[in-house]
Structure formats: C-alpha cells, structure tokens
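Numbers here simply count residues along the sequence, with the first being 1.
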Amino acid sequence: NTDGLVLKNKYFWALNEQMDATIGLDYFSRRGFSPNLEFRYLINEESFGDLSTSYIRDKISSTDFYNLDWKHQQRWANEIRNVTRIDIERKGFRQRFEDDLILRTRRTSDSYTFFGKNWSDLAVWFEAELFKTVEVDQRESFSRQPEVSFFYLDRPLGDFPLYFSFDSSYVSFSEEAGSEKNREHRADFLPMVKWPINFPPYVNLAFSLGLRESVYSKEGAGDTFPRRTLLTGMTVYGPILSREYSVDSQAMKSVKHFVEPRLEYRFVSLEDPDKQVIKRKFDIIDEEGNSNTISLDLSNRFLAKSFSETGINSLWQIANLNLGIDYDIAETRKENDQTSGPKRPFSPIRLDLKTFFQVAWELNFDASYDTDEGKFDSRNIQFSYHPKENFEISIEKRFTSSQNLDYLIGKIRTDLSRKVALTWSVRYDEENNRLAENNIRLEYRASCWSIHFSVIRRLDATKFFFQIDLKGLG
C-alpha cells in the first residue's frame with residue numbers, strides 16, 4: 001500500500017457545556033504526520049456549528065494536502081436566519097486519505113451562505129454558492145454569487161376571489177474550465193394571479209396565470225436580451241378517500257388508509273423560442289421552455305391507532321406511498337420520423353414508499369419505471385431489522401441505469417457478549433459482478449476504555465485498523 005503503517009491518535013476535550021473538541025495527530029509511515037481538529041459549539045438552540053480540518057505534508061510527492069469544512073447556523077436579531085458552509089480541499093485530500101466512501105469519491109467541494117428574513121407576506125433572501133472541483137490537476141469551478149431574491153406572497157386582490165404574488169431575483173453566474181471563463185447576469189420577475197375554488201370537504205381547485213420576464217447579460221459581450229414566458233396552470237386536489245381496517249394486535253388496534261389524488265395541468269409558452277435560446281442553462285429558470293403537460297400524483301397515507309391501558313388514544317403515521325406520472329400533450333402532436341423518434345408522451349412512473357413502524361423493522365423503497373422501454377431507470381430499496389438493541393441486520397440495494405450504478409450493501413451487527421460486539425458489512429458491485437468491499441469490525445467495551453479491531457478489504461487495498469479509546473480522562 002502507499003500509506004504504510006498508520007497510527008491515529010485522537011483526544012476528546014469537553015471545554016464547557018457549549019463547546020467541545022477532538023484533537024488528533026495521525027502518523028503514516030510512508031507519508032508523514034497529519035494533525036487534525038474537530039471543534040463543535042452551541043450558542044443556543046437555533047445557533048450552532050462545527051469545524052473540521054486536516055493537514056499533511058506528503059513525503060512521497062513533497063506536496064501539501066489539507067481540507068477545511070466549517071458549518072454554521074444562526075438566528076440573528078429581528079428573526080434573520082443564516083446558514084453558512086466553508087468547504088475547502090487541496091489536491092484531492094479526501095481521495096487519498098479518507099476512508100468514508102462518499103467523501104472519498106466526491107468530485108466537487110460546495111461552499112455556500114444564506115441570509116433570509118421572512119415576514120407574514122414578504123421574504124428577502126441573499127445567497128451565494130461556489131462549487132469547485134477536487135480532482136487532481138483539474139481546474140473547474142461554478143459559482144452563483146450573489147443571488148438576491150424578493151418574494152411577495154399570496155395576497156387577496158380587493159374584494160375579488162383572486163390572490164396576487166410576485167417573485168423577483170437577481171443572480172450572477174460564473175463558470176471556469178481551464179483557461180476559459182464565462183460570467184452571466186440575470187434579473188428575473190414573475191407576477192402571478194391565482195384563483196382558488198374550494199368545495200369542502202371533497203375537492204379544491206386552483207387556477208394560476210403568470211408572466212415571467214428574464215433579462216440576461218453576458219459580461220464582456222456588452223449586450224442584453226429579454227426572455228418572456230407565459231405560465232398557466234390548474235390544480236385539482238381531491239377528493240380524499242379513506243377507509244379504516246381493524247387490526248387485532250398489541251401494537252395497534254386499527255389502520256386508516258387515506259387516498260389523496262392531485263391532478264395538475266401546466267402550460268408554458270415562450271414568446272419567441274427561436275430567438276430566446278440559452279446556450280448555457282444554469283438553473284430551473286433557464287431550463288424552462290415550451291411545455292404542455294398533465295401530472296397525476298396519488299398519495300397513500302396509512303395511520304395506525306392504538307389504546308393504552310389508561311384508555312388514551314394514540315395515532316401515528318406508519319407508512320406513506322406516493323405514485324406519480326406525467327403526460328406530455330405536445331409530444332402526442334409531433335410526427336413520427338427518424339430524426340425525432342417515436343412518440344413518448346408518458347414520463348417514467350415515480351414510486352416512493354417510506355415506513356415509520358414503531359417496531360423492529362423498517363422498509364423504504366423508491367423507483368422510476370420507464371413504460372416505453374419496459375425497464376427501471378432507477379430502483380433503490382433499504383430494509384433493516386433490529387428486534388433487540390444488541391442485534392441489527394440491514395440490506396440496501398442501489399440501481400441507477402444512467403450512471404451504471406448497481407450495487408448491494410449488507411450489514412450485520414450483534415453483541416457476542418455484554419462487552420464484545422461484532423459488525424460485518426459487504427458491498428457487492430452487481431454491475432461488474434464482483435465484491436467491491438468487505439469490512440469486519442470487532443469491539444471490546446469496558447467501563448472506561450474500549451478496543452476496536454477492523455479489517456477492510458477493497459479492490460485496490462487491504463487495511464488493518466487497531467484502535468484504543470480511553471474515556472473520562474481529565
């Protein structure tokens with residue numbers, strides 16, 4: 001391997017009731033020393049943050065590697081909210097020295113800040129974000145800074161049964177790839193009128209009409225051009241159907257099933273689509289083009305009811321199943337030819353299942369099924385079973401056809417005795433029909449210390465970890 005013998009030392013220090021830190025000094029026999037720090041703080045319930053940073057002077061490449069990740073959230077005076085993250089990484093630090101699979105395979109860093117103030121019918125937001133590649137020997141970045149947004153929320157128009165809203169924003173986008181740089185500015189305005197019609201308790205209708213005006217300018221080009229879009233829509237919510245089923249069990253006495261349909265029609269028309277083509281589309285406003293679609297979503301909610309010994313009624317949601325599909329009317333009007341291909345008005349069917357059982361098992365599933373191709377575009381399932389605190393088994397299946405991603409993850413954790421625990425996890429790559437990772441961890445826990453021994457075997461490396469934790473020092 002390229003690291004040699006690895007020794008990791010960490011010391012946890014509770015500075016006070018609102019701050020603590022983890023100070024570390026890692027040693028790689030072939031690469032050198034790596035000091036690292038984790039710092040966490042709590043100002044109040046709505047203001048807190050954490051910082052982590054690491055550094056190493058690599059003996060192999062004579063290069064400085066480091067990373068810094070600071071996250072902060074705070075509620076200022078006058079109910080001003082702030083969320084900030086500073087994410088800096090040099091020379092692919094996590095790719096070389098991180099064991100976490102998600103962090104090790106990420107391609108970009110993400111730094112952002114948000115300041116927002118909400119009133120009863122107004123909102124003002126300030127945002128900035130920077131994506132930067134962490135790939136070695138690559139120079140790419142994308143930023144959205146600043147973006148200032150103003151929202152005037154739905155307000156009644158006099159004595160009419162109409163509501164008016166107004167969204168506006170200014171944003172500056174910049175993109176850098178090697179020696180090429182591109183910077184564009186956009187001002188966007190969207191006044192909208194809505195007309196709700198309610199037939200309680202069965203059906204709610206809502207009609208909407210808006211006219212979007214977007215003005216673009218490219219830095220250095222010296223010209224601007226407008227882009228006008230007409231947006232109309234109708235939403236039908238309901239009727240809500242329900243039925244209650246009796247269940248003879250100790251956990252619940254009955255289950256009530258709610259079916260909540262939602263039908264939405266959306267028509268979007270550009271004023272002159274041939275002259276308003278945007279070469280580089282940065283967000284959903286740029287991507288918006290001519291469309292004429294109908295969307296159907298079917299929400300299924302399952303509520304469980306139980307009674308305690310004192311006769312108190314308890315009600316909680318145990319599962320939620322959502323189904324959805326879109327129908328493109330414009331697609332049905334095009335002609336079949338070799339250039340455009342066959343008509344495909346139906347979108348893939350969307351399915352999302354989440355369970356919230358207050359028992360020993362959990363099941364989550366989401367998928368996207370292409371009816372034209374007769375196959376799944378994506379299929380993800382997660383199942384876990386933990387009947388006792390000292391035993392857990394979980395299986396996770398991930399499949400995405402567009403990314404050639406198809407793998408299976410399994411994990412078993414059990415206590416062999418009161419002080420000894422064993423964890424075994426595997427990751428199987430079904431795309432290439434091979435075992436991608438195998439991890440075995442053995443832990444011994446005493447009252448004030450613990451020992452961990454792990455073996456991680458991947459396609460490119462086998463690692464052995466031995467760790468001692470001393471608790472309650474100082």
**Q.** Approximate separation, where rounding is to 0.5 Å, of Tyr216 OH and Arg186 CZ
**A.** 5.0 Å

Q: Starting from the C-alpha separation in whole Å, work towards a yes-or-no answer on side chain to side chain contact (heavy atoms under 4.5 Å, CB included) for Trp424 and Asn438.
A: CA-CA 8 Å; Trp424 176 45; Asn438 197 349; 2.8 Å; yes

Q: Look at Arg445 together with Asp415 and state whether they make a salt bridge at an N to O cut-off of under 4.0 Å.
A: yes

Q: Give a yes or no on whether a salt bridge exists between Lys397 and Asp406, defined as a side-chain N under 4.0 angstrom from a carboxylate O.
A: yes

Q | Geometric class of the Phe114/Trp125 ring pair [parallel <30°, tilted 30-60°, perpendicular >60°] | A | perpendicular

Q: Check the surroundings of atom OH in Tyr163: do more than 12 heavy atoms from other residues, nucleotides or ligands lie under 6.0 Å from it?
A: no

(Q) As an exercise, state the distance from CD1 of Ile56 to CZ of Phe65, rounded to the nearest 0.5 Å. (A) 8.0 Å

Q. If every non-hydrogen atom of Tyr170 is compared with every non-hydrogen atom of His185, which pair is closest and at what distance?
A. OH-ND1, 2.9 Å

Q: Applying side chain to side chain donor-acceptor pair (under 3.5 Å), name anything that partners Thr63, two or more places apart in sequence or on another chain.
A: Ser61

(Q) Quick one about Asn364 and Glu362 (side-chain donor to acceptor, distance below 3.5 Å, no hydrogens or angles considered), yes or no? (A) yes

Q) So, are Lys218 and Glu184 salt-bridged, with charged N and O less than 4.0 Å apart? A) no

Q | CZ-CD distance between Phe48 and Glu46, expressed to the nearest 0.5 angstrom | A | 9.0 Å

**Q.** With Arg350, the side chain to side chain donor-acceptor pair (under 3.5 Å) member among Asp326, Asp377, Asn322
**A.** Asp326

(Q) If you count heavy atoms of other groups shown closer than 6.0 angstrom to NZ of Lys181, is the number above 12? (A) no

Q: Check for a donor-acceptor pair, side chain of Ser109 on one end and backbone N or O of Lys132 on the other, with a separation under 3.5 Å.
A: yes

**Q.** With Arg90 via salt bridge (Lys or Arg N to Asp or Glu O under 4.0 Å) - residues at least two apart
**A.** none

Q: Would you indicate whether Phe383, at its atom CZ, is surrounded by more than 12 heavy atoms from other residues, nucleotides or ligands within a distance under 6.0 Å?
A: yes

Q: Please work out which of the three classes, parallel, tilted or perpendicular, describes the rings of Tyr444 and Trp449, given edges at 30° and 60°.
A: tilted

Q) Nearest 0.5 Å, what's the CD-OH distance between Gln145 and Tyr112? A) 15.0 Å

Q) Ser450 and His452: side chain to side chain contact (heavy atoms under 4.5 Å, CB included), yes or no, with the steps? A) CA-CA 7 Å; Ser450 62; His452 309 262; 3.4 Å; yes

Q. Do you know the tightest heavy-atom contact between Leu153 and Ser120?
A. CD1-O, 4.0 Å

Q) In Å, rounded to the nearest 0.5 Å, how long is the span from CD of Gln467 to NZ of Lys8? A) 9.0 Å

Q.
Assess, by modelled atom type and distance only, whether the side chains of Asn182 and Glu180 contain a donor and an acceptor separated by less than 3.5 Å.
A. no

**Q.** N-O pairing of Arg85 and Asp87 below 4.0 Å
**A.** yes

Q.
Is it the case that the side chains of Ser425 and Arg413 hold a donor-acceptor pair, with the cut-off being a distance below 3.5 Å and no angle test?
A. no

**Q.** salt bridge (Lys or Arg N to Asp or Glu O under 4.0 Å) between Arg266 and Glu288, intermediate numbers included
**A.** CA-CA 12 Å; Arg266 181 176 172 84; Glu288 198 163 47; 2.4 Å; yes

Q. Can you list the steps and then say if Leu363 with Ile381 is a side chain to side chain contact (heavy atoms under 4.5 Å, CB included)?
A. CA-CA 8 Å; Leu363 175 65; Ile381 184 170; 4.1 Å; yes

**Q.** Closest non-hydrogen atom pair between Val6 and Asp3, with its separation
**A.** CG2-CB, 4.0 Å

Q. Which heavy atom of Asn300 sits nearest a heavy atom of Asn320, and at what distance?
A. O-OD1, 3.1 Å

Q: May I ask you to decide if the ring planes of Trp195 and Phe207 are parallel, tilted or perpendicular, using 30° and 60° as cut-offs?
A: tilted

Q.
With a 6.0 Å cut-off (strictly less than), is the heavy-atom count around CZ of Arg301, excluding the residue itself, greater than 12?
A. yes

Q | Within 6.0 angstrom of Lys411 NZ, more than 12 heavy atoms from elsewhere | A | no

(Q) Regarding Lys91 and Asp58, does a basic nitrogen lie under 4.0 Å from an acidic carboxylate oxygen? (A) no

Q.
To the nearest 0.5 Å, what is the distance between CZ on Phe391 and CD1 on Ile393?
A. 5.5 Å

Q: Name the orientation class of the two ring planes belonging to Phe173 and Phe142 (parallel below 30°, tilted from 30 to 60°, perpendicular beyond 60°).
A: parallel

Q. Are more than 12 heavy atoms from other residues, nucleotides or ligands located less than 6.0 Å from atom CD1 of Ile284?
A. no

Q. Can you list the steps and then say if Trp76 with Phe115 is a ring-ring contact (aromatic ring centres under 6.0 Å, His included)?
A. CA-CA 10 Å; Trp76 298 84; Phe115 287 87; 7.0 Å; no

Q: State, to 0.1 Å, how close Ser47 and Arg75 come at their nearest heavy-atom pair, and which atoms those are.
A: OG-N, 3.2 Å

Q. Just by distance, with hydrogens left out, do Ser378 and Ser368 show a side-chain donor and acceptor under 3.5 Å apart?
A. no

Q | side chain to side chain contact (heavy atoms under 4.5 Å, CB included) evaluation trace for Lys117 with Glu79 | A | CA-CA 6 Å; Lys117 167 70 175 176; Glu79 297 298 313; 3.8 Å; yes

Q | Atom CZ of Phe453: over 12 foreign heavy atoms under 6.0 Å | A | yes

